[in-house]
**Q** 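Let me begin by handing over the structure; questions about it come next.
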Amino acid sequence: MSSGLTSETKKPISELARQERGILFVISSPSGGGKGTLIRRILPLVPRLGYSVSWTTRQPRPGEQDGIHYRFVTLEAFEDARGRGEFLEWAVVHGNFYGTSFSTVKAELAAGRDVILEIDVQGAASVRGTGLDSVSVFIIPPSFEVLRGRLGGRSTESAEALALRLNNSRAEVEQYREFDYVLLNDDLERAAAQLAAIVYAERARRERQELLAQRVLATFPPTSPTL
Ligand code: ADP
Ligand code: 5GP
């Protein structure tokens, strides 16, 4: 009997529970909101979740490695890449250029891996504008005072850079309305668990599980009208 199933549906059920195309997760917050910390927390815990390393013209901070934290480039190299259409989105944030590599993201998504973009609110707006299927999460600190304390405590910025980031923070937080999810970063463990839960919940959305559901349904005999 012809099942009418495509080659996709001949895969084991467990394979089908994973969507064929990965999901693009856009994660934003004001500087010091906790994006980096939360993302680093969940990456080793959630399978099939990748991270897109951005390009930036910012100087590396002590301990930051090229190719791991960012691809650190000159302004000339950045503009060159931008001219070649290398970026899915790019923006000037707190005085430096940042961009997301299109080819890296495409390759990850096509391989069925979900990808996290850790980008600012302008970048999040650009991704929305592309019409790509994406899920956005805004990480919100408990208060301005807490944000100031955390950002200052990170000790990675000069007094000037810190003041600029804090000064930009209100306008960034106002953008929360544009996101699919708003996640309060109060307790780290709780917030990380919630971020992982968002990833799992998005994976389980009905429209992303069509193949799986059809395959399972095909194992059921037709309902008998006489029973
Ligand atoms: P972002 O990547 O958004 O700029 P970070 O992840 O670097 O922010 O977090 C800023 C600082 O706040 C870091 O020093 C980090 O350790 C600290 N931090 C982040 N989340 C929490 C939290 N829930 N509780 C306490 N400190 C936190
Ligand atoms: P930082 O200099 O603290 O690493 O990052 C400053 C801001 O730039 C953060 O809000 C960070 O999320 C954002 N950022 C990092 N990479 C990108 C990117 O590729 N595109 C955009 N638009 N913003 C980015």
Side-chain angles (χ1 to χ4, degrees), residues 24-43 50-73 78 81-82 86-105 108 115-130 132 134 136-158 160-173 175-176 178-179 183-195:
L24 193 56
F25 287 96
V26 174
I27 306 206
S28 296
S29 79
S31 187
K35 307 175 282 300
T37 305
L38 290 170
I39 292 167
R40 277 195 303 277
R41 203 80 162 192
I42 70 161
L43 276 177
Y51 177 80
S52 160
V53 177
S54 293
W55 292 42
T56 185
T57 60
R58 166 167 82 60
Q59 290 300 307
R61 296 175 184 140
E64 280 186 335
Q65 286 172 269
D66 186 43
I68 294 181
H69 298 92
Y70 280 107
R71 185 155 171 193
F72 294 100
V73 294
F78 191 98
R82 192 177 59 187
E86 172 67 30
F87 298 129
L88 167 60
E89 63 74 35
W90 65 273
V92 178
V93 191
H94 314 312
N96 294 299
F97 286 76
Y98 295 84
T100 301
S101 161
F102 208 173
S103 47
T104 309
V105 169
E108 288 281 296
V115 184
I116 288 190
L117 306 187
E118 181 186 345
I119 62 179
D120 88 310
V121 293
Q122 305 171 77
S126 300
V127 173
R128 270 195 301 279
T130 64
L132 281 174
S134 63
S136 60
V137 182
F138 189 80
I139 294 171
I140 198 163
S143 67
F144 177 72
E145 281 315 314
V146 171
L147 179 72
R148 176 157 60 187
R150 287 182 185 167
L151 195 53
R154 197 172 70 182
S155 302
T156 45
E157 269 73 36
S158 63
E160 211 177 323
L162 182 65
L164 177 64
R165 283 164 186 250
L166 289 174
N167 190 48
N168 290 339
S169 63
R170 185 182 167 103
E172 292 177 324
V173 173
Q175 294 294 311
Y176 79 87
E178 308 297 330
F179 287 73
L183 196 165
L184 175 68
N185 183 15
D186 47 1
D187 175 71
L188 192 55
E189 291 309 323
R190 192 210 58 78
Q194 195 175 9
L195 184 57

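Ligands are counted one by one from 1 in listed order, and the atoms in each one are counted from 1 as well. Note that this is a predicted model, so its numbers are computed, not measured.
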**Q** Can you check whether V73's main-chain N or O pairs, donor with acceptor, with T57's side chain at less than 3.5 Å?
**A**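 No, the answer is negative, given that no donor and acceptor are paired below the 3.5 Å cut-off.
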**Q** I'd like to know if Q122 contacts ligand 2, where contact means a heavy-atom distance under 4.0 Å to any ligand atom.
**A**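 So Q122 does not count as touching ligand 2.
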**Q** Which one of R150, E157, E118, R165 has a non-hydrogen atom at the shortest distance from atom 21 (C) of ligand 1?
**A**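 The nearest heavy atom belongs to R150.
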**Q** Could you tell me whether the side chain of R71 reaches within less than 4.5 Å of the side chain of T56, counting heavy atoms only?
**A**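 Answer no - side chains too far apart.
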**Q** How does R61 reach ligand 2, by side chain, by backbone, by both or by neither, if only non-hydrogen atoms under 4.0 Å count?
**A**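 Under 4.0 Å from ligand 2, R61 contributes side-chain atoms alone.
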**Q** With heavy-atom distances below 4.0 Å as the criterion, list the atoms of ligand 2 near R165.
**A**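 This gives 1 (P), 2 (O), 3 (O), 6 (C) as the contact atoms.
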**Q** Quick check: R40 and ligand 1, any N/O pair under 3.5 Å apart?
**A**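 Such a contact does not occur with ligand 1.
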**Q** At a 4.0 Å threshold, what atoms of ligand 1 neighbour a non-hydrogen atom of D186?
**A**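 Here the atoms of ligand 1 in question are 22 (C), 23 (N), 24 (N).
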**Q** Name the option, out of G34, S28, A191, that contains the heavy atom nearest to atom 8 (O) of ligand 1.
**A**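 Going through G34, S28, A191 one by one, G34 has the nearest heavy atom to atom 8 (O) of ligand 1.
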**Q** Any N or O of L151 that comes nearer than 3.5 Å to an N or O of ligand 1?
**A**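 There is no such contact.
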**Q** Pairs of nitrogen or oxygen atoms closer than 3.5 Å, one from G153 and one from ligand 1: do any exist?
**A**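 The answer is no, given that G153 and ligand 1 share no N or O pair closer than 3.5 Å.
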**Q** Should the proximity of P30 to ligand 1, defined as any heavy atom under 4.0 Å, be assigned to the side chain, the backbone, both, or neither?
**A**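 Within the 4.0 Å criterion, P30 contacts ligand 1 through backbone atoms alone.
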**Q** When you look for heavy atoms under 4.0 Å from ligand 2, do you find them on the side chain of W55, its backbone, both, or neither?
**A**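 Contact part for W55 vs ligand 2: neither.
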**Q** Can you tell me which portion of T100 lies within the under-4.0 Å heavy-atom range of ligand 2? Options are side chain, backbone, both, or neither.
**A**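 It is both backbone and side chain that touch ligand 2.
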**Q** Please indicate whether any nitrogen or oxygen in T37 is less than 3.5 Å from any nitrogen or oxygen in ligand 1.
**A**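 In this structure, T37 places an N or O atom under 3.5 Å from an N or O of ligand 1.
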**Q** Would you mind telling me if ligand 2 is within reach of the side chain of R71, the backbone, both or neither, using heavy atoms under 4.0 Å?
**A**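 None of R71 does.
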**Q** What atoms of ligand 1 come within less than 4.0 Å of a heavy atom belonging to L188?
**A**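 In order of number, 20 (N), 23 (N).
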**Q** Against heavy atoms of S29, which atoms of ligand 1 measure under 4.0 Å?
**A**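 Those qualifying, in numeric order: 3 (O).
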**Q** Applying a heavy-atom cut-off of 4.0 Å, say which part of R58 lies close to ligand 2: side chain, backbone, both or neither.
**A**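 It is the side chain that gets close, since no backbone atom is under 4.0 Å.
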